[in-house]
Number of protein chains: 4
Amino acid sequence: MRKKGANGQESRARLLIVAANEFAKSGYHQTKISTIVSRAGLTQPSFYLYFESKEAVFKELVEKFRSELKILLEGSRLESGIDEEHVTGRLQSVLTGLFAFLGKDSDLTQIGFFIGDDAVIVKSEMVAMIEQNLKAEQRDGYFDGDLDMHIVAECLVGVIERLTSQQLLTGKRTPEDLARHVVSLFMHGISIYPAKRAT
Amino acid sequence: MRKKGANGQESRARLLIVAANEFAKSGYHQTKISTIVSRAGLTQPSFYLYFESKEAVFKELVEKFRSELKILLEGSRLESGIDEEHVTGRLQSVLTGLFAFLGKDSDLTQIGFFIGDDAVIVKSEMVAMIEQNLKAEQRDGYFDGDLDMHIVAECLVGVIERLTSQQLLTGKRTPEDLARHVVSLFMHGISIYPAKRAT
Amino acid sequence: MRKKGANGQESRARLLIVAANEFAKSGYHQTKISTIVSRAGLTQPSFYLYFESKEAVFKELVEKFRSELKILLEGSRLESGIDEEHVTGRLQSVLTGLFAFLGKDSDLTQIGFFIGDDAVIVKSEMVAMIEQNLKAEQRDGYFDGDLDMHIVAECLVGVIERLTSQQLLTGKRTPEDLARHVVSLFMHGISIYPAKRAT
Amino acid sequence: MRKKGANGQESRARLLIVAANEFAKSGYHQTKISTIVSRAGLTQPSFYLYFESKEAVFKELVEKFRSELKILLEGSRLESGIDEEHVTGRLQSVLTGLFAFLGKDSDLTQIGFFIGDDAVIVKSEMVAMIEQNLKAEQRDGYFDGDLDMHIVAECLVGVIERLTSQQLLTGKRTPEDLARHVVSLFMHGISIYPAKRAT
DNA sequence: TATGAATGAGCCTTCATTCAT
DNA sequence: TATGAATGAAGGCTCATTCAT
């Protein structure tokens with residue numbers, strides 16, 4: 001009879017899952033290898049059979065998050081839209097995709113988006129990307145030329161950040177729902193009065 | 001014979017300042033008592049002359065932030081406005097005050113707003129408060145009745161959070177500047193087209 | 001189906017060679033089984049197919065050295081010489097043989113002569129043997145009767161030890177060369193003045 | 001009542017002594033901090049109160065040996081002698097001093113002369129120094145011009161090495177005694193016949 | 001003959017905290 | 001008010017060795 005998980009890949013996978021969960025729950029430094037291996041039904045040396053070090057697993061997880069996110073974002077670059085409908089629709093779909101991605105694996109999202117020094121970088125890159133797109137649309141006349149798109153991009157990321165942690169990862173809202181609210185808010189704000197734009 | 005600066009209150013104050021800075025820089029767990037006392041020109045036992053434990057200093061700092069914030073927010077409750085001008089103006093002034101507060105002591109803000117488990121609570125409370133105010137204004141007809149003000153409040157806090165850490169604490173923007181951008185974004189969004197509200 | 005080289009004796013031999021090299025290079029404790037098997041193209045359990053333990057391989061190597069050395073030394077016992085020419089010649093040839101042996105397999109020499117607790121014993125035995133021979137020649141009148149042959153023997157071994165590690169194993173000198181120098185030094189010293197022996 | 005050794009310098013000194021003894025007895029890697037502190041009547045963290053790391057103590061000990069040895073050797077440079085008596089006497093006194101130094105603190109000698117990678121260097125430097133001196137005397141005509149003084153120096157160090165570990169550190173012989181034997185051996189060898197030098 | 005998988009035992013190092021002065 | 005000295009409790013990592021196949 002095989003020992004439980006006498007299969008390397010399976011053990012590794014289990015360790016990775018548990019590790020992600022622990023890192024997400026407690027942060028990098030508070031996570032103990034002893035807890036990880038114990039939850040994975042193994043002993044400490046086994047951990048080092050599959051990973052170089054504590055830092056290495058963490059990096060692997062961060063990298064996984066980053067690369068998946070990169071693929072998602074690159075696949076959803078906003079080309080210049082044609083009319084307002086399109087712009088809105090595109091934003092809606094991109095955000096839905098993003099929230100769907102962020103909600104898919106809550107441990108990984110926690111790690112890549114909120115824990116560790118790289119999270120700051122990830123979000124900065126996201127801001128930069130969004131800013132580029134917004135500026136393009138702004139040049140095309142869809143958005144008020146006076147807006148500081150860097151600030152807008154920062155705000156959007158702040159919103160995504162908070163909604164992800166408070167609404168998405170807690171299961172209170174769906175990606176579509178969140179995307180709809182965000183689009184609505186960012187497109188038209190909450191006032192019932194039209195903006196007094198510089199004319 | 002007293003040592004230079006061998007004044008209890010002064011030593012305590014110095015420890016508190018250094019501790020705040022270390023917590024802000026490195027987070028709770030990465031901050032070492034040895035570093036704090038060393039920077040404060042004292043030795044480890046002295047630390048325990050003024051504070052019960054590492055956790056105690058941290059809590060004291062968090063509490064300081066929370067109480068100051070509480071006073072600020074209570075002093076700036078939005079009473080029902082009278083017209084759009086007022087609503088906008090009030091929001092603008094409240095946000096300016098909030099950013100001013102958050103920018104006043106960056107170490108304390110870091111601690112109370114971003115580090116430690118209480119930060120989550122602080123922000124949730126802020127969300128709740130904002131939500132109340134928004135709902136009141138909504139009832140008064142200033143905002144679209146269909147809007148989910150809980151989500152809007154969450155978004156506002158997310159925006160405040162991010163702008164604080166990325167623009168305010170880095171010295172890139174002033175409180176007024178940030179408040180203006182936020183008000184503009186939240187009131188009217190970025191689209192040049194008016195919202196198609198349900199009629 | 002056998003794997004390439006899946007011949008027990010061959011694997012064992014490979015392990016032995018690599019082990020000798022690692023022990024020689026890094027010493028007993030710093031040598032890791034994992035390194036040995038990896039260099040031998042095998043896995044850790046295979047090691048235990050051929051050797052009881054880490055200590056066992058080491059002992060086997062030490063024993064190999066000791067037995068070979070023993071054979072060499074026993075075959076070269078100095079019988080009482082007849083005249084000075086003979087004594088000198090005999091010493092020269094014995095030393096040449098010894099250096100040749102020590103230079104033959106540098107890893108084994110390193111292990112048996114310099115590493116591990118047995119090396120001390122090996123050299124002590126060598127001292128004892130040399131001492132016997134020197135004393136015999138001394139009784140026969142070839143050497144000054146006042147000399148403490150135990151010390152002389154110790155010196156000779158010290159010289160052999162150092163020349164082996166610094167000149168022989170580094171390839172700087174040949175066995176013959178070294179033997180000649182040692183004989184010259186031990187027979188007549190370096191002074192140009194004759195010794196003032198007690199008469 | 002003071003705790004045993006509630007004096008920093010004393011604790012440090014005790015640790016250093018015990019550490020030296022352990023390193024000398026078991027070598028670097030086999031020496032355990034736990035053993036050192038336990039023998040010094042302390043606990044593990046205390047060790048790190050006085051030393052950076054295990055490696056650091058070791059280095060400190062090695063350095064102590066090296067610097068003391070350096071001072072000794074520099075103070076006893078052989079100036080060109082005047083006649084054979086002088087040369088012999090000088091050699092005798094230098095060797096006596098050296099053996100006295102090597103016998104003074106056997107643990108330190110073990111560490112600096114036999115353990116650790118630096119021991120090899122120490123001895124190489126010693127060879128170089130001796131070689132210089134011998135060559136000078138050789139140029140002055142005291143020694144046979146045909147001798148390879150590098151080899152002679154190597155032999156001398158080999159002899160010192162062995163006599164130190166086997167006779168001096170074991171308490172069997174005194175520095176003077178050993179020096180006398182070495183001088184006699186190196187000056188005139190053991191043969192009763194005079195050397196047939198090239199004429 | 002060979003290996004994939006796993007582990008018991010152990011070692012170095014760190015840090016918040018305390019005791020005696 | 002202040003500190004020199006010390007420690008309990010942990011945590012990351014390594015290595016020789018074994019089990020089941």
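Just so you know, these numbers come straight off a predicted model, no measurement behind them. Letters A, B, ... mirror the listed sequences (proteins, then strands); counts begin at 1.
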Per-residue pairing states of DNA chain F in dot-bracket (Watson-Crick or G-U under 3.5 Å; . unpaired, | other strand) read .||||||||||||||||||||
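Annotation: side chain of D107(B) is in contact with side chain of D105(B) (closest heavy-atom distance under 4.5 Å). With a 4.5 Å cut-off on side-chain heavy atoms, T43(C) and V37(C) do not count as touching.
For Q30(B) and L42(C), each mapped to the nucleotide of DNA chain E holding its nearest heavy atom, the one lying further toward the 5' end belongs to L42(C). Between Y28(C) and G41(B), the one whose closest nucleotide on DNA chain F sits nearer the 5' end is G41(B).
Not less than 6.0 angstrom separates the ring centroid of F101(C) from the ring centroid of F113(C).
Backbone-only engagement by Y50(C) is indicated by non-hydrogen atom pairs under 4.0 Å involving sugar-phosphate atoms exclusively. Across all strands, L49(A) comes closer than 4.0 Å to base atoms (heavy-atom distances).
In terms of modelled atom types and a separation under 3.5 Å, the side chain of N7(B) and the main chain of E10(B) share a donor-acceptor contact. Between the side chain of S26(C) and the backbone N or O of T31(C) there is no donor-acceptor pair closer than 3.5 Å. Formation of a donor-acceptor pair under 3.5 Å by the S46(A) side chain with backbone atoms of L42(A) is not found in this model.
One atom, CG of N7(A), and another, P of dT21(F), lie 14 Å apart when rounded to the nearest Å. To the nearest angstrom, P of dA16(E) lies 15 Å from CZ of F51(B). Atoms CZ (R12(A)) and P (dG4(E)) sit 16 Å apart, rounded to a whole Å.
One finds no side-chain N or O of S46(C) lying less than 4.0 angstrom from the OP1 or OP2 phosphate oxygen of dT1(E).
Ring pair F23(A)/Y28(A) is parallel by interplanar angle, where below 30° counts as parallel and above 60° as perpendicular.
Of all heavy-atom pairs spanning L169(B) and F114(B), the tightest one is CD1-CE1, 4.4 Å. Across every non-hydrogen atom of Y48(C) and S53(C), the tightest pair is CE2-CA, 4.0 Å.
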Sequence-aligned protein contact record of nucleotides 8-15 of chain E, with B where the base is within under 4.0 Å of a protein heavy atom and S where only the sugar-phosphate is:
BB-SSBBB
